[in-house]
Amino acid sequence: MTAALLVTAPTPASAGPNLILNPGFETPGGPGNDGMPDCWKKAGWGNNDVTYETVADARTGSAAMKVSLGRRVDGDRKALITETPLCSPTVSPDRQYDLSLWYKSTTADVSVTLFRHDTTTGTWGYWTDLRTLPLSADYTRAEVRTPAVPPNTDRISWGVSVYGVGSVTTDDYAMEEVTVPTPDPECTGTPAECLKGRWEVLPTRNPVRSVHSVVLHNGKVLVIAGSGNSESMFEAGTFTSAVYDPGPGTWKQIPTPVDMFCAGHVQLQDGKVLIMSGNKGFPTPDGRIGYQGLKDSYLFDPDTESYIRTNDLSEGHWYPSATILGNGDVITFGGLKQDSTGNVTAERWSAAQNRWLPTSQVNQTWSYWGLYPSMILMQDGRLFYSGSHVFGNGTPGTGASIYDYDRNTITDVPGLQNKDQRDQSASVLLPPAQDQRVLTIGGGNNESNPAANRLTDIIDLKEAAPAYRPGPPLPQGEVEQGGVRRAQRGSEGKMYISAVLLPDGKVFETGGALHDRADPVFEASFFDPVTNTYTPDLAKDPVPRGYHSSSFLLPDGRVMSVGDNPGNNTYNHNVSVYTPPYLLRGPRPRITSVPDDRWNYGDTQRITVNRPIAKAELIRPAAVTHSSDPNQRFVDLPLTVNGSTIDLNVTSNPNLAPPGWYMLFAVDANGIPSVAEWVHLGPRTGAARHASHAPSAHVHDFADQPANPVRKRLAKRDSVPVSPTVTGCERAYGAAGVCVPTAFPKTVRATTAARCEWLADRDFGRLKVNGGRDPHRLDRNRDGVACGKGDLRPH
């Protein structure tokens, strides 16, 4: 069903008074109102030519408002409700409102845009776009429901933005408060489970030492191990992957062509998984050469459950970033090259050509972004480097920055706390993506090996000069050290954090460890982006989840957790599944029909549900490794409600929701989600785009006045030196997968006995000393074995 058809059927709003003053522009404005009707003003930004006219071509009465753009380079223009206490409607936090108007237009680049008044700052700011209005030659009614009003909001203002050449004429605005029915609460578990959720350890174990986890658009889960950090498997050429089917709970092993251990991966718009680089070689025992990156690249096809070779990357990228862009291209940075040096070359996958582009066709800053740098796509197409990374210190400067690919510039962003201790922190674009806020939590440093931190940082990329601000400290749990659990204390937090976006709009954080590849932390909490608070003391995963673990959302609303690879090179094959409290509150709402699962930007798509819902959203399926999934996002779908028939209004901006498959959830007023339906989001193409007058992306002017200057551009270079011990492991002891730390925790005395006791408590076993090197003095009797009885006797 087309969007044009959907808006022609008026949807009655809930009973209640119209909160709009002068809804039909009938009352002229007084002196100083710039020729606008009473309680209306001119608004907008950018390089364009605009005219505002009060015209007689009204739907009712004698006046309507016409806004026309005759030339446009960028920006938008709108007639907006005047942001004064007299004119702007009063609202209550956590309430929802139905907005409606009648319009006709000569451009499809038209959007209903909201602003809100913040009582804490006393200022007005952009809130959200609610829907794109299809081209209409005759007056057509459009209605849409607001999300729940955020805290500290007492008034809102709204209007229709025009962001393409053409005009829109509007009349007869209305705004009415609505009440979404709340089902009676019902606990279907124990009282503790209904507050904290519950974990289940599955009877079937993960058959591979998985390092990477991807939720496929058929609901199955791809886990990739490659060699699984096992040098013996690498030498034997034994590389593994597996697919888990949650329905029957079965695993299927997949032939794997190369060592995809520590590759990058991202889901493409057709549902295939692009996997880039991996491991060309393990560090040498003499410590001179570190891990080496592959140039190889593959696609995983969920339909055939097999790998397909693509063209190679220009260089190796062991531990690369992977971010899908609004046009379906993929950009990647960082990692280690074939010779273990740091890769400074950006690579770009072309969706149109289905191949990696030559370096000469990709903008280059020659910057080294480190390993698995978290690069999050912003609503205007720029990339936000959050400061989350893997291994060692952050990038020089503030530790976070904005990269503008088109201008090829990097601008540092201030405020990230303790930026050199954010190794394997987690960063997520908070729900909804339209809010453009990023949360970064926890982390450590494998080089100095301090106790991991409790830091929380939040940045609002809608601000003109965005900066991180401290959030509440991460809740504490229990840490296991030497087989003994104790309560965390002081500033102790965790690294190796998993952060998962849930369909109720919260972030579930779980897993982690206190030190590099040691001392698992048992703790889980919800972060609420509405209140910026944690709900602590949730049910804890009984399985330790540190290095090489991952957690991710399943289509049924549960969270699955796999992996744990401590420094002694063991691997935990147990699989845990978390049932959040929202699944224990009574029956779930159900999406009873999705007539069309192929969605276009700017669409209005109709579904039916079995009972009232409060919100709906698209959640991009996970592709996670090493605490990093920069493409994870939750995209709000504003509702137009007519009983059990719901029209979902899809953003026109592909930077907010890059093309591909998404999980569609419907959520009731108790926060209980439906089981997800899969829908594909993408642009109209060819004749279909022309015939339907598809809208352009409505992009806003945010983060345009950064506090710091643009970085000086670097000269072209081949690579940067990177220490062979970048992974934090002293290669002098044991096999390559064993990680005797280069720096023991500060609580461990610098003696052979204390260090050997620490290793013994963590089951490192007998360790061969490689090449006669003994930097930690663990082989005092020089028999080639660390921490033997002879090494612990007085000398």
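Just so it is clear, the values below take in all heavy atoms, side chains as well, and ignore hydrogens, waters and symmetry mates. On a predicted model such as this, the values are computed, not experimentally measured, just so you know.
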Looking only at side chains, do [X] and [Y] share a donor and an acceptor under 3.5 Å apart?
X    : Y    : answer
T113 : D129 : yes
T604 : N649 : yes
S427 : S388 : yes
R437 : N532 : yes
T240 : T256 : no
T146 : Q96  : no
T440 : S425 : no
T310 : S297 : yes
D668 : N670 : no
S576 : D541 : yes
H680 : Y662 : no

Is the shortest distance from a Lys or Arg side-chain nitrogen in [X] or [Y] to a carboxylate oxygen in the other one below 4.0 Å?
X    : Y    : answer
K615 : D636 : no
K540 : E523 : no
R545 : D564 : no
D556 : R558 : yes
R590 : E677 : no

(message) Would you call the rings of W251 and Y244 parallel, tilted or perpendicular, taking 30° and 60° as the class edges?
(response) tilted
(request) Classify the angle between the aromatic ring planes of Y319 and Y372 as parallel (below 30°), tilted (30 to 60°) or perpendicular (above 60°). (result) tilted
Residues in ring-ring contact (aromatic ring centres under 6.0 Å, His included) contact with [X], at least two apart in sequence or another chain:
X    : answer
H265 : H212
Y385 : W369
H700 : Y126, H698, F702

(request) If a pair satisfies salt bridge (charged side-chain N to carboxylate O under 4.0 Å, His left out) and one of its residues is in residues 178-190, list it, with sequence neighbours excluded. (result) none
Has the side chain of [X] got a donor or acceptor atom that lies under 3.5 Å from a matching backbone atom of [Y]?
X    : Y    : answer
R585 : C187 : no
Q267 : A622 : yes
S627 : I497 : yes

(message) Ring centres under 6.0 Å, that's the criterion: do Y496 and H548 meet it?
(response) no
From [X] [atom1] over to [Y] [atom2], what is the distance, rounded to the nearest 0.5 angstrom?
X    : Y    : atom1 : atom2 : result
I607 : T645 : CD1   : OG1   : 9.5 Å
L222 : I224 : CG    : CD1   : 4.5 Å
L461 : Q379 : CG    : CD    : 9.0 Å
W599 : L618 : CH2   : CG    : 5.0 Å

(request) Identify, with sequence neighbours excluded, every residue that meets side chain to side chain contact (heavy atoms under 4.5 Å, CB included) alongside M276. (result)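 Here the qualifying residues are V266, L274, L313, P320, A322, V330, T332, W356.
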Please table the atom pairs, donor to acceptor, closer than 3.5 Å between any side-chain atom in residues 195-204 and protein atoms at least two apart or in another chain.
unit_1 : atom_1 : unit_2 : atom_2 : d
K196   : NZ     : D537   : OD2    : 3.0
R198   : NH1    : E193   : OE1    : 3.1
W199   : NE1    : A539   : O      : 2.9
T204   : OG1    : G249   : O      : 3.4

(request) May I have the step-by-step check of ring-ring contact (aromatic ring centres under 6.0 Å, His included) for Y534 and F526, ending in yes or no? (result) CA-CA 5 Å; Y534 287 102; F526 294 138; over 10 Å; no
(request) Apply salt bridge (charged side-chain N to carboxylate O under 4.0 Å, His left out) to D380 and R382, showing your working. (result) CA-CA 6 Å; D380 60 1; R382 291 179 291 175; 2.7 Å; yes
(request) From the options D597, I619, L681, I591, select the one residue that forms a side chain to side chain contact (heavy atoms under 4.5 Å, CB included) with L664. (result) I591
(message) Could you walk me through whether R131 and E143 satisfy the salt bridge (charged side-chain N to carboxylate O under 4.0 Å, His left out) test, starting with their C-alpha distance in whole Å, then the side-chain angles of each, then the deciding distance to 0.1 Å, before giving a yes or no?
(response) CA-CA 9 Å; R131 68 171 301 174; E143 182 176 355; over 6 Å; no
